[in-house]
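Report on the structure given below.
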Amino acid sequence: MCGRFTLRIDGELISIEWGWTKRLPTHPRFNIAPTQPVWAVRFENGEAKPVELRWGLIPSWAKDPAIGNRMINARAETLVEKPAFRQAFVQRRCLVLADGFYEWQGKGKGPKQPFWFSRADGGLLTFAGLWERWISPDGEPVETCTIITTKANETLRPVHERMPAIIASADRPVWLDCTNPVPVVTPMLAPAPDDLLVATPVSAAVNSPSNDGPGLIEEATPDEAPSPDLRLL
DNA sequence: CCAGACGTTGTT
DNA sequence: GTCTGG
DNA sequence: CCAGACGTTGTT
DNA sequence: GTCTGG
């Protein structure tokens, strides 16, 4: 799945990549957690526009917004049949901006080992997402999103069975344009190519969402740097 | 018809 | 809002 | 995802 | 154990 990620890339570079004239006002993040605002891209009037959305989708019909605290992921395989996601999949697709994400490798006993996955070239990742607008009892709109997950590729598999669906650069405008029907965009939710990402073991300090800094993804010292453990398959 | 649920992961 | 269950 | 809370009454 | 919060 995908329950924690990073976005350290300078907003200037992100804007250049998307052709936006203003610098995206981001600051480096090393531990983005559910319920926090995340940077996303969605189509408005036929153009890709940046927007901040709360991570954790609150369906429009929800009475208690706390339901969003656990709606942080949506399984690609069941999007079309789940009432909470079906309409958003057709009408409200977005891309969540990231440059890495964390997965925890469960161990038989003892603590879990977290790994950070990022592009070998350090580039931007765009997670397939859905967004929703919920109106609070006060009439205040709250815009939220969820990250779509898919089967793990070979790089992830030693660590975890699921991974975020990563939309390739060339597919980004097609995914975002909701005039494109579901059958056109569904194949984009396949696991990423095995050579896209590299795994880095990281400190358990990442476990706590209150820790956020460059130290989280520094290489562990060699004598305590585990590789993804194939014996746990 | 109305009432009630609507989600994911991982673990057992 | 929309679907499932009774 | 992990971390941390999880309850009431009454009194100050 | 289960739910809420970040």
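Within every chain, numbering begins at 1; the chains are lettered A, B, ... in the order of the sequence lines, protein sequences first and strands thereafter.
One atom, CG of Asp212(A), and another, P of dC2(D), lie 17 Å apart when rounded to the nearest Å. As a whole-Å value, the separation of Lys112(A) NZ from dA3(D) P is 10 Å. Across the protein-nucleic acid pair, Gln105(A) atom CD and dT9(B) atom P stand 18 Å apart, rounded to whole Å. Distance CD1 (Ile135(A)) to C1' (dG1(C)): 14 Å, rounded to an integer number of Å.
Closest approach of Phe5(A) to Ala98(A), counting heavy atoms only: CD1-CB, 3.6 Å. Among all heavy-atom pairs drawn from Met71(A) and Pro59(A), the shortest one is CE-CG, 3.8 Å. The heavy-atom pair separating Met163(A) from Ala192(A) by the smallest distance is CE-CB, 4.0 Å.
Between Leu125(A) and Asp99(A) the shortest side-chain heavy-atom distance does not fall below 4.5 Å. Counting heavy atoms from C-beta outward, Leu95(A) and Trp18(A) have side chains that approach closer than 4.5 Å. In this structure the side chain of Trp55(A) never reaches within 4.5 angstrom of the side chain of Pro37(A), judged on heavy atoms.
Taking only side-chain nitrogens and oxygens, Lys82(A) comes nearer than 4.0 Å to OP1 or OP2 of dT8(B). For Arg162(A), a side-chain nitrogen or oxygen approaches OP1 or OP2 of dT9(B) to under 4.0 Å. In terms of phosphate contacts, Arg70(A) brings a side-chain nitrogen or oxygen within less than 4.0 Å of OP1 or OP2 of dT4(E). Contact check, Arg54(A) against dG6(E): no side-chain N or O comes under 4.0 Å of OP1 or OP2.
Note on Trp61(A): a base of the nucleic acid sits closer than 4.0 angstrom, heavy atoms only. Using a 4.0 Å heavy-atom cutoff across all strands shown, Ile72(A) reaches at least one base atom of the nucleic acid. Contacts of Ser210(A) with the nucleic acid, taken as non-hydrogen atoms under 4.0 Å apart, are absent. Within 4.0 Å (heavy atoms only), Thr146(A) reaches no atom of the nucleic acid at all. Here Phe85(A) lies in heavy-atom contact (under 4.0 Å) with sugar-phosphate atoms only. Within the nucleic acid shown, Asn69(A) comes within 4.0 Å of at least one base atom, counting heavy atoms only.
Taken residue by residue, residues 26-39 of chain A places heavy atoms nearer than 4.0 Å to DNA chain D at Pro34(A).
dC1(D) and dT8(B) are spaced 11 Å apart, taking the C1' atom of each and rounding to whole Å. When the C1' atom is used for both dA5(D) and dA5(B), the distance is 27 Å, rounded to whole Å.
Remark: dT2(E) base-pairs with dA5(D). Criterion, Watson-Crick or G-U wobble with two distances under 3.5 Å.
The aromatic rings of Phe101(A) and Phe117(A) lie parallel to each other, with less than 30° between the two planes, well short of the 60° mark.
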